[in-house]
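Please read the structure below before turning to the comments.
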Amino acid sequence: MPSRIAAAIATCALSLGALASGAGVATAASPAPTEGAPSIQSSITARAAAVDRCSYQVVRSDDSRYTHSVSGTFGGTVRELPIQKEDFVRFSGEWRKVVQVDACAGGQGQTPTTLRVTGKLENPEHYEPWVPRTIRSADLKPAASSVIPKAPELTSVDRLDAATVRVNWKPAQGSPDQVALMERKPFYSSEVGIWHPYTFQRDVPGGATSMDRKLERASDIPASVRPHSYWMRVVKDGYVSDLRAEKPVTVQP
């Protein structure tokens, strides 16, 4: 898809999707700086924790003008870590990028002593000289894996009628700060006139174990984007449940 269309989709989905009650789009584009604006933040706010022996979760602030990477320090060696999975997550109304990286890639078996996030400005020729070309986090000492919360198991998606399903899950354990039903479904971008898949974060009321969701059934939705998918996610103390453990349940409208 041409970059112009992709950018239009992200902008339109952000402005429309964020209006839905209890919903938020999973991606957000930061605006380019205006001429004469003050210097942007030159550092990255981040935290890190072990998911298991090889995987680490990094939760960071995001600026879409930058391409981000995560590196680990292993003794006297620093190397970039490949990404296993990443997503945007809303923490109490603020968006953060959650990245899970692999410290054992390539047969490496050492444990990193620290992690660091680095952002490199894309297309620097389009920005004023005062915009930092490189931004970094502080050195992050990973917390123990016990801080990573576990999402409740999604048990079923039951059809209530032709246009409605009820998503059911087990009670959340460990008193998480936030429980969310993740919903991926077709979204119509009026700006470019197409349907495309989009992921929404539906925050769940305390103690709830089900939520009714409407299916998008417009006849002009392409077959490739018609499926709806659902999975659970939780947030606790600034960390998110293991993204790799999410197993979406998919239904056809």
Side-chain angles (χ1 to χ4, degrees), residues 26-28 30 40-92 94-124 131-152 172-180 182 199 201 231-248:
T27 57
S30 300
I40 62 176
Q41 184 174 343
S42 59
S43 62
I44 300 169
T45 302
R47 62 175 62 195
V51 178
D52 52 37
R53 189 181 69 83
C54 288
S55 303
Y56 292 82
Q57 181 180 112
V58 178
V59 181
R60 61 168 171 81
S61 55
D62 186 69
D63 187 328
S64 63
R65 290 168 287 194
Y66 292 84
T67 299
H68 294 80
S69 61
V70 178
S71 59
T73 302
F74 303 81
T77 303
V78 176
R79 57 183 172 87
E80 186 174 330
L81 305 180
I83 293 173
Q84 296 174 322
K85 195 168 183 181
E86 60 184 336
D87 204 352
F88 282 97
V89 179
R90 189 175 65 249
F91 291 77
S92 302
E94 295 184 348
W95 290 98
R96 295 287 184 268
K97 191 67 173 287
V98 180
V99 181
Q100 290 187 187
V101 295
D102 185 1
C104 295
Q108 304 289 336
Q110 289 181 290
T111 299
T113 53
T114 60
L115 301 173
R116 172 174 279 191
V117 183
T118 301
K120 298 287 187 181
L121 184 66
E122 289 191 297
N123 305 313
V131 178
R133 270 44 185 170
T134 302
I135 55 177
R136 296 181 177 85
S137 71
D139 287 341
L140 309 171
K141 186 172 179 59
S145 59
S146 57
V147 305
I148 303 294
K150 295 187 182 301
Q173 303 297 313
S175 301
D177 300 327
Q178 182 176 320
V179 179
M182 306 301 296
T199 301
Q201 177 177 319
W231 64 97
M232 303 304 297
R233 183 174 287 172
V234 298
V235 174
K236 185 173 183 179
D237 297 332
Y239 294 101
V240 183
S241 48
D242 183 355
L243 302 184
R244 297 169 310 156
E246 297 169 347
K247 295 179 172 57

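In this chain, numbering begins with 1 at the start of the sequence shown. None of these values were measured; they are calculated from a predicted model.
For the side-chain contact (heavy atoms from CB on, under 4.5 Å) test, residues two or more places apart in sequence or in another chain that qualify with Thr113 are Thr73. For Arg244, the salt bridge (charged side-chain N to carboxylate O under 4.0 Å, His left out) test picks out Asp52, Asp242, with sequence neighbours left out. Contacts of Ala49 classified as side-chain contact (heavy atoms from CB on, under 4.5 Å), with partners at least two apart in sequence or in another chain: Ala143, Val147, Ile148, Tyr239. With sequence neighbours excluded, the residues satisfying side chain to side chain donor-acceptor pair (under 3.5 Å) with Thr67 are Glu122.
The two residues Arg233 and Trp231 have their closest heavy-atom pair at NH2-NE1, 3.7 Å. Residues Ile44 and Thr118 share a closest heavy-atom pair of CD1-C, 4.2 Å. Contact between Val59 and Gly238 at its shortest, heavy atoms only, is CG2-O, 3.6 Å. Smallest separation of non-hydrogen atoms from Arg47 and Asp237: NH1-O, 2.7 Å. Among all heavy-atom pairs drawn from Pro124 and Arg133, the shortest one is O-NH2, 2.9 Å. Across all non-hydrogen atoms, the minimal contact from Leu140 to Ala46 is CD2-O, 3.5 Å.
Residue pairs meeting the salt bridge (charged side-chain N to carboxylate O under 4.0 Å, His left out) criterion with at least one member in residues 94-112, sequence neighbours excluded, are Glu86-Lys97, Glu94-Arg96. Listed by first and then second residue, the disulfide (SG to SG under 2.5 Å) pairs involving residues 60-92 amount to none (not counting sequence neighbours). Sorted by first and then second residue, the side chain to side chain donor-acceptor pair (under 3.5 Å) pairs involving residues 136-151 (not counting sequence neighbours) are Arg116-Asp139. The salt bridge (charged side-chain N to carboxylate O under 4.0 Å, His left out) analysis of residues 105-115, with sequence neighbours excluded, yields no pairs.
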Throw together a table of side-chain donor-acceptor distances under 3.5 angstrom for residues 76-85, partners on residues two or more places apart or in other chains.
unit_1, atom_1, unit_2, atom_2, d
Arg79, NH2, Ala103, O, 2.9
Gln84, OE1, Ser55, OG, 3.0
Gln84, NE2, Ser55, OG, 3.1
Lys85, NZ, Leu243, O, 3.1

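Going from atom CD of Gln178 over to atom OG of Ser241 covers 10.5 Å, rounded to the nearest 0.5 Å. One distance of note links OH of Tyr56 with CD of Gln100; it measures 12.5 Å at 0.5 Å rounding. Atom CE of Met182 and atom CD of Gln201 lie 5.0 Å apart (nearest 0.5 Å). The distance from atom CG of Asp177 to atom CZ of Phe91, rounded to the nearest 0.5 Å, is 9.5 Å. Ser61 contributes atom OG, which lies 11.0 Å from atom OH of Tyr66 (distance to the nearest 0.5 angstrom).
Under the 3.5 Å distance criterion, the side-chain polar atoms of Glu246 are left unmatched by any main-chain donor or acceptor of Ala151.
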Side chain to side chain contact (heavy atoms under 4.5 Å, CB included) between Asp62 and Arg60, intermediate numbers included: CA-CA 6 Å; Asp62 186 69; Arg60 61 168 171 81; 2.8 Å; yes
